Enquirer: 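Below are the structure tokens for one structure; questions will follow.
Keep in mind the model is a prediction, meaning the values are calculated, not measured. Every chain is numbered from 1, with letters handed out A, B, ... down the list of sequences. Both backbone and side-chain heavy atoms feed into the values below; hydrogens, waters and symmetry mates do not.
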Amino acid sequence: MIVKVVVDVPTGGTDRLFDYKVPVHLLPMIEIGMRVIVPFGPRKVQGFVISTSEETELETVKEIAEILDVTPVLTDELLQLGEWLTNSAICFKITAYQAMLPAALRAKYKKEIKLVDQNRILEIPEELRVWFEHRDVVDWEEFKSNHVNLLPLIKRAISMGVLEAVYVVKDKVTYKKVKVVEPFCREDLSNQLMHLGNRAAKQKEVIEYFIKFPTAVPITDLIEQAETTRGTIKALIEKNVLVEKELEISRDPYANRSFKRTNPLPLTRNQKKVIEPIYHTIENQKHETFLIHGVTGSGKTEIYLQSISKVIGQEKEAIVLVPEISLTPQMVQRFKERFGSLVAVLHSGLSVGEKYDEWRKIHNGSVKVVVGARSAVFAPFKNIGIIIIDEEHEATYKQEENPRYHARDVAIQRASYYNCPLILGSATPSLETYARAKKGVYKLLSMLERVNDVTLPTVEIVDMREELKSGNRSMFSKLLFDKLTDRISRGEQSVLFLNRRGYSTFVMCRDCGYVAECPHCDISLTYHQTSRLLKCHYCGHQENMPKTCSSCNSEHIRFFGSGTQKVEEEITKVLPGARVIRMDVDTTRKKGAHEKLLTAFAQGKADILLGTQMIAKGLDFPNITLVGVLAADSMLHLPDFRASERTFQLLTQVSGRAGRHKLPGEVVIQTYTPEHYSIDLVRQHDYIAFFEREMSVRKLQNYPPYYFITIVQVSHPEITKVIEVTERIGSFLRRSLSDKAIVLGPVASPIARIKDRYRYQCMIKYKNEPTLLAVLKEINENYKRETQQGTLQISIDKNPFVLM
DNA sequence: AGCACGCCGACT
DNA sequence: GTCGGCGTGCTC
């Protein structure tokens, strides 16, 4: 039998199927969708079996070396999905398949140099002998880094046949093991009990425990449950009453937490109206995409939960995507509470091993629901009954590296394969999605009231220019300051939002206007107070804060703009005694830090929660009655056509944190452009008006949803090279596409240099361009040689989300 | 990716 | 005349 294999070599030249014979002893095991190890050129690589065949056109075909899986890791559906992904994201096949699997299933490669025969050690050059005196295998990387000059000698020894290059493919998979004990013979336990002497009271207790629970139990649990000690257990093992074994277990990241089970809540009339059509498609096994446009606090989650219950009742599975779980622990909690151990959780905070274990639970069918971030859309279920994408508009659903897919598109693909509903939920849908819903491509379901008649918070907008005029130079307006003071005295909590981490946004010389910039990127450096360093948020470069201006030597070098660190400092100055929790990338880097900070806030250990983007989502604390946005325009003026949309979405979302329960909420938004519609319409809670307004802007500028866009970005350490290549690509695009397509550029990317690489781009705006895929593939093909060498990079992004 | 093959310049 | 630079092409 012949198998066709995609090999783990992500280049243009190898982006196809290779034929391999299956040796007789592997014939009974091999299946489509399994990982295999195959010889490829001089080495061995991992690959995926895509299809089988009885014959091959080739004369010489090698045999597969090993099968890595017992059951296929990719189902037929996922293999098909991978093919679709290859085209829609313009990536290599291998890249598409690997994106679907947890990192633990990706192979690791190692090259070793082996001494063929210890007796022939004298045949290798003298300088090399020390390495092989006490061992016959040497790690190539280790050797190479120590002795560059000896490489030719190694080569010669290999060609002489004394040494041999060995390529090892290692499966990264690790299973967590735990030591367990179980009775040697269950039936014999009571017999053993009688034979023990009276002095062995402790041992008797353990045996009695096993009579009650005669299954294997981890030693640590046994000590706790039977109130015994290691010594006692050991004695019983020596007497052959118990046996010790190693058992493979799943690492359960939520193991130490218990979840109180909840029952479905009674639905409000509006919720019933919304869930009705969803139930309908579930019952009729129809594919349909729904957009639930529901204001914050309107009870979308309960809709999700009850739809999933229905699906589980049909013996089917559910995928729930959330923007970033570590940011929304409350969401996970609600799923765990409702479905208990039927839920697997996949998010970036888990270790490689933990992710793999969660993946395995999905793969072997022991869970029915997965709640996860973007990549969970590839969960290897075999009978999906519903897919839900919460906060549908979030940028995290778009992967910004290859394969550059949008989870929403993948979800549509999978849901239509399984004839099941896809639900998109958001208080502020992306324009693309809402436009499709209005056109009837998606079915629109609206929930424009909060449950239990909780009113939406009142939003007040403060013009910071007026504040300045009236002599207030602090970062808090009078209104916000008064309200903050008021909350503290009443014992209620506030949330302060600022979209900038660090201390100051930039450092400038007051005499000459010099701004400290990253030497590797075209971006200004941010001062971090705690470390007293200037940091680049793009490449991680850091340097000491200069005492004098490096351009004119003046001492008048100052901080401008405020980051979260500076706000924190300011609060302690103007509101002494206020307890503040700051949440940004810098305070939440450590594992579990997120939850810790949020728990502390929930327990009332702080009056003010100050943070960046990450506090905008999912927080639901009854005691928050005030939300303050310090600088609403910070994202408004970014060079991105979605800047207004993002501002509106973010402000609406942050506002939604206030007054979600009994206490009414208030929001104060500080801005320098109060008249801008994306700020003003937040005050009125009017998404529809915002949609109409923004749509007219997009129409005028030929942007999505009226046009699709694709960006071809070129980067290289030399600016002349970048410009030259981008120009050639630009004219090629103009030449190849229809005259209805608009090709813009080449222009420098908004951040023209990152990590010492210059970046230029062309933007294509189009409505219907059937040849686009072929044209883009041709670009890749043309520059294959140079991109493979690594100096030139061409990235093609269909439907980019962040234009930076 | 990794490696072999092969064609030009600077050495014994 | 040979050694070795890295451009080019191939891997079932």
Enquirer: Rounded off to whole Å, could you give me the CD1-to-P distance for the A/Ile158 and B/dG2 pair?
Expert: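 To the nearest whole Å, that distance equals 14 Å.
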
Enquirer: When rounded to the nearest 0.5 angstrom, what is the spacing between CD1 in A/Ile387 and OG in A/Ser416?
Expert: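 Separation between the atoms: 9.0 Å.
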
Enquirer: Please give, in whole Å, the distance from C/dC12 P to A/Arg16 CZ?
Expert: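 Spelled out: CZ on A/Arg16 to P on C/dC12 is 9 Å.
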
Enquirer: Output the rounded distance in Å from NZ (A/Lys4) to P (C/dC12).
Expert: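 Atom-to-atom, A/Lys4 to C/dC12, this comes out as 14 Å.
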
Enquirer: For A/Lys784, is there an ion pair with A/Glu778 - N to carboxylate O distance below 4.0 angstrom?
Expert: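 Not counted as a salt bridge, because no side-chain N and carboxylate O are separated by less than 4.0 Å.
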
Enquirer: Rounding to a whole Å, what distance do you find between A/Arg43:CZ and B/dA4:C1'?
Expert: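 Distance check: A/Arg43 CZ to B/dA4 C1' gives 13 Å.
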
Enquirer: Counting side-chain heavy atoms from C-beta on, which of C/dC12, B/dG2, B/dC3 comes nearest to A/Leu58?
Expert: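 In terms of side-chain proximity for A/Leu58, the closest of C/dC12, B/dG2, B/dC3 is C/dC12.
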
Enquirer: Answer yes or no as to whether C/dC12 has its base stacked against A/Phe18, where stacking requires a ring-centre separation under 5.5 angstrom and planes under 30 degrees apart.
Expert: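 No.
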
Enquirer: Could you tell me the separation between the CD1 atom of A/Ile113 and the P atom of B/dG2, rounded to a whole number of Å?
Expert: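 Taking CD1 of A/Ile113 and P of B/dG2, I get 13 Å after rounding.
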
Enquirer: Base, sugar-phosphate, or nothing: which does A/Tyr20 touch, judged by heavy atoms less than 4.0 Å apart?
Expert: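 The answer is sugar-phosphate, as A/Tyr20 gets under 4.0 Å only of primed atoms, P, OP1 or OP2.
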
Enquirer: Decide whether A/Tyr20 and A/Thr56 meet the rule of one side-chain donor and one side-chain acceptor closer than 3.5 Å.
Expert: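 There is no such pair (donor and acceptor under 3.5 Å, judged by atom type) between the side chains of A/Tyr20 and A/Thr56.
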
Enquirer: Strictly below 4.0 Å: does A/Lys111 bring a side-chain N or O up to OP1 or OP2 of B/dC3?
Expert: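 A/Lys111 to B/dC3 OP1/OP2: side-chain N or O found under 4.0 Å.
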
Enquirer: Using every non-hydrogen atom in the two residues, find where A/Phe381 and A/Val370 come nearest and quote the distance to one decimal.
Expert: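 The pair with the smallest heavy-atom distance is CE1-CG1, 3.6 Å.
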
Enquirer: Is any side-chain N or O of A/Tyr167 closer than 4.0 Å to OP1 or OP2 of B/dA1?
Expert: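 Indeed not, no polar side-chain atom of A/Tyr167 lies that close.
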
Enquirer: Heavy atoms under 4.0 Å, any strand shown: does A/Val61 hit a base, just sugar-phosphate, or nothing?
Expert: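 Contact class for A/Val61: sugar-phosphate only.
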
Enquirer: Output the rounded distance in Å from CG (A/Asp15) to C1' (C/dC10).
Expert: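 Whole-Å distance recorded here is 15 Å.
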
Enquirer: B/dA1 P sits how many Å from A/Gln46 CD, rounded?
Expert: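 My rounded result for the distance is 17 Å.
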
Enquirer: Take the protein atom CD of A/Glu786 and the nucleotide atom C1' of C/dT8, then report the distance between them rounded to whole Å.
Expert: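 Checked: the CD to C1' distance equals 14 Å.
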
Enquirer: Answer with yes or no whether the side chains of A/Gln793 and A/Thr787 bring together a donor and an acceptor at under 3.5 Å.
Expert: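 No, because no side-chain N or O of A/Thr787 sits under 3.5 Å from a partner of the opposite role on A/Gln793.
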
